[in-house]
Amino acid sequence: MIAFVTGPVAALAPTTAVVEVGGVGMAVQCTPNTLSALRVGQEARLHTSLVVREDSLTLYGFADDDERQVFELLQTASGVGPRLAQAMLAVHAPDTLRAAVASGDEKALTAVPGIGKKGAQKLLLELKDRLGAPVGTARPAAGAAGWRDQLHAALVGLGYAAREADDAVTAVTPQAEAADGEPQIGLLLKAALQTLNRAR
C-alpha cells in the first residue's frame, strides 16, 4: 500500500495531480480543495489510498491523513465506492461529515452529487458508529477568488464542459457574494448543479 507520495508537482488537471516520485510521475486523484493548494513545480506531500480493481489501480490523494482515513471509512458503507467517497469529501470537510452523521443531518448528505434522500438515510444509519465524533480539524474556507477555481474544477471533474462550468460559476456568483463570511463550496456546488440541470 502507498501511504503517501512526496515530490514536485509535475502537472495539474481538474481532478488529478501528477507528483514526481523518484523520476516516476504518479497520477493522484484529488478533490478540488486539495488541488487548489498545489502548484506546479512546488514540493507536495499527499496522503494516499490505493484502490485496486480488476482493470485498474487508482491512487487517491488527500491533504492530510484524517481525510484519507475518512475516505476509507466512507467506503465501508454499502453502495459507496471511491468516487462517491471523494465527492463527499469534495463537498464536506471530514469534521463536517462527522458532525452531519452524528446529528443525523440528511440535508448535508443530499448536498453531495449522487446522494438522494433514501441514500442519505441509509448512509446515516451505516456510518453512525464508524466515523466517530468531530475532532476539530476544520478545513479552511475558500478565499474570495479561490471558490471560483474550486467550483469550476469540481464541475469539470463531474463531467461538465468548461463552458458549462463557467456559466454555472457566473450563475451562483451572487449567492457566493451574499454569503456571510467565506462562501461554502458544498452549497455553491449544489446550486451550480441545479442551474446546469435546468439548462439541459
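Please read all numbers here as calculations on a predicted model, not as lab measurements.
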Flag for T76-R130: side-chain donor and acceptor within less than 3.5 Å = yes
Y60 and V51: CA distance, side-chain angles, deciding distance, side-chain contact (heavy atoms from CB on, under 4.5 Å) verdict = CA-CA 8 Å; Y60 289 85; V51 176; 3.6 Å; yes
inquiry  = Once rounded to the nearest 0.5 Å, what's the spacing between atom CG of L123 and atom CG of L109?
reply    = 6.0 Å
ask   = Under 4.5 Å between side-chain heavy atoms, hopping through other hydrophobics if needed: is there a path connecting V112 to L73?
value = yes
inquiry  = Within the structure provided, determine whether F62 and S49 are in side-chain contact (heavy-atom separation under 4.5 Å).
reply    = yes
query = Okay, side chain of T170, backbone of D166: is any donor-acceptor separation there less than 3.5 Å?
reply = yes
request  = Tell me yes or no: between the side chains of T31 and T34, is some donor less than 3.5 Å from an acceptor?
outcome  = yes
query = Is R148 salt-bridged to E177, going by a charged N under 4.0 Å from an acidic O?
reply = yes
request  = Start with the C-alpha gap between L97 and L89, add the side-chain angles, then the distance that decides, and say whether side-chain contact (heavy atoms from CB on, under 4.5 Å) holds.
outcome  = CA-CA 8 Å; L97 279 174; L89 285 165; 3.9 Å; yes
query = Any sub-3.5 Å donor-acceptor pair from R39's side-chain atoms to S36's backbone N or O?
reply = yes
ask   = Would a 4.5 Å heavy-atom cut-off, applied to side chains only, mark P8 and Q42 as touching?
value = no
task = Could you tell me whether the side chains of T58 and Q29 share a donor-acceptor contact shorter than 3.5 Å?
result = no
inquiry  = Do the side chains of R68 and D65 get close enough for a salt bridge, i.e. N-O under 4.0 angstrom?
reply    = yes
CZ-CG distance between F71 and L84, expressed to the nearest 0.5 angstrom = 10.0 Å
ask   = Counting N and O atoms only, with roles assigned by atom type, does the side chain of T195 sit under 3.5 Å from a partner on the main chain of A192, one being a donor and the other an acceptor?
value = yes
key: Steps toward side-chain contact (heavy atoms from CB on, under 4.5 Å) verdict (C30, T15)   = CA-CA 6 Å; C30 302; T15 58; over 6 Å; no
ask   = Checking side-chain contact (heavy atoms from CB on, under 4.5 Å) for the pair T6/R45: CA distance, chi angles, key distance, verdict?
value = CA-CA 4 Å; T6 303; R45 181 186 174 103; 3.4 Å; yes
